[in-house]
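Input: a single structure, listed below in structure tokens.
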There are 2 protein chains.
Amino acid sequence: MGVAERKEREKEVLREQILTAAKTLFLEKGVEKTSIRNIADLIEYSPGSIYHYFKDKNEIFHALHQGGFQQLMGKMEVLITIPNPMSRLKAMGSIYVEFALENPDMYDLMFIKEAPMEHVSNSNDEQWKEGYGTFNFLRATIKECILEGYFQGHDQEALSFMVWSTVHGMVSLHIRRRCEVVLAQRQGTIVKDGLNEFFSILDRPSS
Amino acid sequence: MGVAERKEREKEVLREQILTAAKTLFLEKGVEKTSIRNIADLIEYSPGSIYHYFKDKNEIFHALHQGGFQQLMGKMEVLITIPNPMSRLKAMGSIYVEFALENPDMYDLMFIKEAPMEHVSNSNDEQWKEGYGTFNFLRATIKECILEGYFQGHDQEALSFMVWSTVHGMVSLHIRRRCEVVLAQRQGTIVKDGLNEFFSILDRPSS
DNA sequence: AATGTAATTGAACAGTGTTTAAAAATATAA
DNA sequence: TTATATTTTTAAACACTGTTCAATTACATT
């Protein structure tokens, strides 16, 4: 009686197809400008059938959202091989920025867009599980830095938040197209340059 | 023959009414979820008549956008009385954060929300006039800091962008409710604490 | 009072997310 | 194999959206 299992697998395949098509279109023309009909056209199904696999458009976002956190965590795994906490902190920043610039729409979904389920705050804990994971790793790295004397007398929690904010600020200004105010000839590299400036500042000795 | 002038004034009044209604609705339910018909309903005019005062929805957004920049610039005027560039830089950061926390919705509109149709409309220069103004002021302040030896060997443009990114990052993570990952007992003051951490880091001497 | 101009309207167009009743495809049972 | 039951898919419809435009209304000028 493996029929139910096969059906389940087939259903999962179509679910995956929808997700892949949605991701393709989101990255291509943006989330807002991608319609359910566009997705349906791409997988050659009717618009209505998508609603048998996802409650609504938001649920498609949410599924991709979680996938994004796993992707980011995957990119961060190499960091455990870096023993020096300061080097690890910098590498973490580089990976974060790299992820954001390579997957701007996904980053938008994860960190910039209005979180759609905020009023239904019950499931928040589950949703942010991965988010907690990455921030905890940052916090632990900062703690090691402080212990090794890199940021003497600094506040672990506030410093962690500030470091995260700096990289988030740079990539989100870039993604939301607020970089036109910087010199035209610098716009192409301003995020990378800004990150290096940040590293330089972090490298300066505690007075 | 003051008729033309009176008509002009009346036209300006209705323009103002549209802007006020749009602002109310944008801040209440967001730009994307506010329709021209919603705005028209609120001022008790037909949807079509709005197009006699604004080319399209984007033009309404940009008009409000510019108003926000003027408000921020107004708050920044006191900075010219601070002679020391480093003190001025810090005060600028404080005012920026204060503005964002006091007017989160307007800040959202100005720096976080998707600026609609930016790639389509080619009048970018005019739109960002005020944006250029505030960033120029930051750039000039950073330049003075460098000249006075505060950031020896640093890149003016990249450093300016990085400083802006840090304050923007902190307030935008706060506004978009991504601060739940920080310790619960710190969440109320994390932006202010993070800003102070940033100031401390900036204060450290160039090696 | 007649004319010309500017403001306003409501209908229409092409698009959106979503729902739903009917149809098609498929699995199970007799 | 045939009949029934279940699941999957579809097309049409609903209530929206931004925008355009011909027709109407309001009004200042002659």
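Proteins get letters first, then strands, A, B, ... in listed order; numbering begins at 1 in each.
Contact of the B:His52 side chain with the B:Leu14 side chain is not registered, since no non-hydrogen atoms from C-beta on lie closer than 4.5 Å.
Between A:His52 and A:Pro47, the residue anchored closer to the 5' end of DNA chain C is A:Pro47, taking for each the nucleotide with the nearest heavy atom. Nearest-nucleotide positions on DNA chain C place B:Leu14 closer to the 5' end than the other of A:Ser49 and B:Leu14.
Whole-Å rounding puts the A:Lys55 NZ to C:dG17 P distance at 15 Å. Distance, B:Ile50 CD1 to D:dT19 C1': 12 Å, rounded to whole Å. Regarding B:Glu59, its CD atom lies at a distance of 11 Å from the P atom of D:dT19, rounded to whole Å. In this structure, B:Ile43 atom CD1 and C:dT9 atom C1' are separated by 13 Å, rounded to whole Å. The distance between atom CZ of B:Arg15 and atom C1' of C:dA7, rounded to the nearest whole Å, is 16 Å. With rounding to whole Å, A:Ile18 atom CD1 is found 12 Å from D:dT8 atom C1'. We find that CD1 of B:Ile36 is positioned 10 Å from P of D:dT17, with the value rounded to whole Å. What separates NZ of B:Lys33 from P of C:dG17 is a distance of 11 Å, to the nearest Å.
The 12-atom threshold is exceeded at NZ of B:Lys75, counting heavy atoms of other residues, nucleotides or ligands nearer than 6.0 Å. Heavy-atom contacts from other residues, nucleotides or ligands closer than 6.0 Å to NZ of B:Lys90 number more than 12.
No N or O donor and acceptor, one from the side chain of A:Arg37 and one from the base of C:dG15, sit under 3.5 Å apart.
Distance from the side chain of A:Ser46 is smallest for D:dA11 among the nucleotides C:dG10, C:dG17, D:dA11.
Backbone-only contact: B:Tyr53 has heavy atoms under 4.0 Å from sugar-phosphate atoms and none from a base.
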Query raised in the report: Hey, mind stepping through A:Asn38 and A:Ser35 against side-chain hydrogen bond (donor to acceptor under 3.5 Å, both in side chains) and telling me if it holds?
Result: CA-CA 5 Å; A:Asn38 294 153; A:Ser35 70; 3.0 Å; yes

